[in-house]
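Reminder, nothing fancy here: chain letters follow the sequence lines and each chain counts from 1. Atoms considered below: every heavy atom in the structure, side chains included; atoms not considered: hydrogens, waters and symmetry mates.
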Amino acid sequence: MSTNIFTRGMVDPERQACIQEVVPKAPLETKRDHIPFAKRGWRRLTEYEAVMLHAQNSLDAVPGSQEVGEVVQKWPGGRPNYGVESTAALSSNWFHFRDPSKRWFMPYVKQKNEEGQTAERAMKSWAEGGDAEMMNAAWREHILARHYGAFVYNEYGLFSAHSTTVYGGLSDLIKTWIAEAAFDKNDAGQMIQMQRVLLSKVFPGFDADLAEAKQAWTEDKSWKPAREFVEHIWAETYDWVEQLWAIHAVYDHIFGQFVRREFFQRLGGIHGDTLTPFIQNQALTYHLQARDGVTALCFKFLIEDEPVYAQHNRRYLRAWTGRYLPQVGRALKAFLAIYKEVPVKIDGVTCREGVRASVERVVDDWAARFAEPINFKFNRAAFIDDVLSGY
Amino acid sequence: MSANMAVKQALKANPVPSSVDPQEVHKWLQDFTWDFKGKTAKYPTKYEMDVNTREQFKLTAKEYARMESIKEERQYGTLLDGLDRLDAGNKVHPKWGEVMKLVSNFLETGEYGAIAGSALLWDTAQSPEQRNGYLAQVIDEIRHVNQTAYVNYYYGKHYYDPAGHTNMRQLRAINPLYPGVKRAFGEGFLAGDAVESSINLQLVGEACFTNPLIVSLTEWAAANGDEITPTVFLSIETDELRHMANGYQTIVSIMNNPETMKYLQTDLDNAFWTQHKFLTPFVGVALEYGSKYKVEPWAKSWNRWVYEDWAGIWLGRLQQFGVKTPKCLPDAKKDAVWAHHDLALLALALWPLTGIRMELPDSLAMEWFEANYPGWYNHYGKIYEEWRAAGFEDPKSGFCGALWLMERGHGIFVDHASGLPFCPSLAKSSIKPRFTEYNGKRYAFAEPYGERQWLLEPERYEFQNFFEQFEGWELSDLVKAAGGVRSDGKTLIAQPHLRDTDMWTLDDLKRINLTIPDPMKILNWQPVAQ
């Protein structure tokens, strides 16, 4: 303390009496609408909007910004930050984007904390309640040790790819959504490793070390096209909307959904593994939130609600889809080779027709959700047949 | 919470195979990455960041969420339950309630800039642990934007004058002080080499200035009846230690390369100047001119936190790497005594553009200023007395401090390096005014530190200042265009007094008859002496 006697003005009667003498008898202003100049995303201003919308101090070169003139400090060479050239997508007002989940910091960490506590309890129950003993040993020692571990790198690489999308995002609510999606990716990778550490405690023969998993990710043919996609989107793709579309709307909604849901979650069940489906269920939830966010960004915001540039944006989304879909198809095709290594084979699930059904579920959902709204044409049968040739 | 902690401690003491401590996961993070062709940062640095650098606060995502959600529950519980029932919004002295319109919003700008600055480091760093730490900071900074915004939002709902709290994100566009915020926080944190941004944000902004800013500010707030700000700002401060550690690890990560020192000292010197140039005067104005009840003089707080704690102890830890204290530190020490008084004079002269209600120091305040800053009265006090006599507060007077200054040849210029206004002929801080011409345009600089930055990289600081942007605008038109009018359509949000009577309107402002000039065109411009 800088003074020996400190008086708190709110609770000190003498000081508070003096303060009340200068407080006006009636409010000086009757209107209490927060950020009244801003467009409301819903009927009334939400807390999500109140605590972030228009916090960005950008200039009117970024449409929707509140300031004029120029930024005071630029990059060496003179390039300004918040440059619209960071993406080929165009918007009449970058501040009209809203995350349908309305997640600002407080609800975001509250939800993640609840998921963390649920996971802790589930892991304890799994380890102590007898579930662990049901797990197929070969599934554990080979699939979880090698390939589930390899998926850590998938999640970490996608997390890494989000750094420049957070930097490039052209408004406050866009940056918020991207940062949360990135944090979820980091979390998803860490949760896989948390599960692997638990496995190493429960089963003395299981090694939590990632060397074998890294070898699978960097050397196995079954992961090669996926790894190449992740490396490209992380290090070589500079347009932040393109990155977000490619990651969440193309790659993760086809390849990611298949690996998490159709492979690890579904096949975990038939191998007596009740833990992996639980952990992956959280990652699937994160993807669904990212899916809804990228839908809001690319469809609602950049097309449906965009009065000027909708057609321009639709063309870019189609072009980006055309650029990344073949690689995603190759990733899925290569991944299907893993079915040969699956210890327990069950008709209708791991057989060719069962896998076809899985691929069709994923591809058809993707087509309905992301291809049709932008009139992206692709040969469904040929795409699925090509993917299945990897089985 | 304590039960939760007890469980944690028990598990740590007696680990069972059914639980996984977050540290058991974190220790694998360095293995999460792999090498591949083309793996480089999209925003490369002139430094070399070591891939083996570790982070000090080893948090996993879930553990981070557990910790932060507890803090959020405490903070919003206090605000929305305890302080609501105590009617806290109406217990604040108006001087303080007004200055918080600016403080909270300006700090919000800093927190927002820090989101992108941390993302830049997350891209540039190659160590997975460092990236994990920088990501946590990105999310922290979103938290801090939400929190600082919530202070304005809370005041807007509960305080007796919500105007300004509700729309400062719009009003700040015409505030002549705001470009100074943008230079230090808005862009200093994010527009440039990632390590340079880290030095600005973490090594100087956070390690040096958050203690005097947040700790001092909360003390002054509480003294003036504001328990809202301490509730939020002290919760912010709990994250800052991790950010300071991130900054320290940034330096650790680059020190293996002997070439580093070619850049580091210069970047540190520039970063300290950049952050100090705004923060030292602005925080001093907020504390001492935005308060009725005084606490410790800003110059003393600054000396303890900046000079002794940061420059002495904190930078002392970096001496092993050859880092020295910034060259401008002695001048900054002088600024800590006088720069905020210089800035307060200009803020009062330009009050219609600030978006808040403010008043001239009364006799008690003048006594305090003179007692703690000997010589204050003769330099500033007499001017304020003359302004008061000339009708500073009277809406019918047509008086404006800015015109008073200009009519007496005291030009207000904008320092082209910091973006802040300064008055060469009245300043008592360590300024050494410089005026120069480049490509046919005239520039003003408060002193050579900023001028040197500009001379080395003029393209980085090529911008229109406040006077250039709004030259030719009639004052009341500008205030109206920026949303500076209350819901009756005529009364100004900003006022030169705190009463609820005699409030200035657009017509009163028009009576001043002030059209924004560009002082570089009309006042006594002097070329740089060769």
Which atoms of A:His232 approach chain B - backbone, side chain, both or neither, heavy atom under 4.5 Å
neither

Measure centre to centre between the rings of B:Trp122 and A:Trp234, then say whether the value is under 6.0 Å.
no

Identify which part of A:Glu231 has an atom lying under 4.5 Å from any heavy atom of chain B, answering side chain, backbone, both or neither.
both

So, B:Arg172 and A:Glu67, do they make that salt bridge, N to O below 4.0 Å?
yes

Provide the full list of side chain to side chain donor-acceptor pair (under 3.5 Å) pairs with a residue in residues 168-182 of chain A, sequence neighbours left out, each pair given once.
none

Would you mind checking which part of A:Lys214 comes under 4.5 Å of any heavy atom in chain B, side chain (CB onward), backbone (N, CA, C, O), both or neither?
side chain

Anything under 30° is parallel, anything over 60° is perpendicular, the rest tilted; go ahead and classify A:Tyr167 against B:Tyr43.
tilted

Hey, are B:Glu73 and A:Lys110 close enough for a salt bridge, meaning a charged N less than 4.0 Å from a carboxylate O?
no

Largest heavy-atom contact set with chain B, pairs under 4.5 Å, which of A:Thr164, A:Asp184, A:Val11, A:Thr7
A:Thr164

Name the region of A:Glu115, side chain, backbone, both or neither, that has any atom closer than 4.5 Å to a heavy atom of chain B.
both

Pairing of B:Glu227 and A:Arg8 as salt bridge, 4.0 angstrom limit
yes

Row check, B:Tyr293 ring normal vs A:Arg15 NZ/CZ: under 6.0 Å, within 45°
yes

Closer than 4.0 angstrom, basic N to acidic O: yes or no for B:Glu68 and A:Lys112?
no

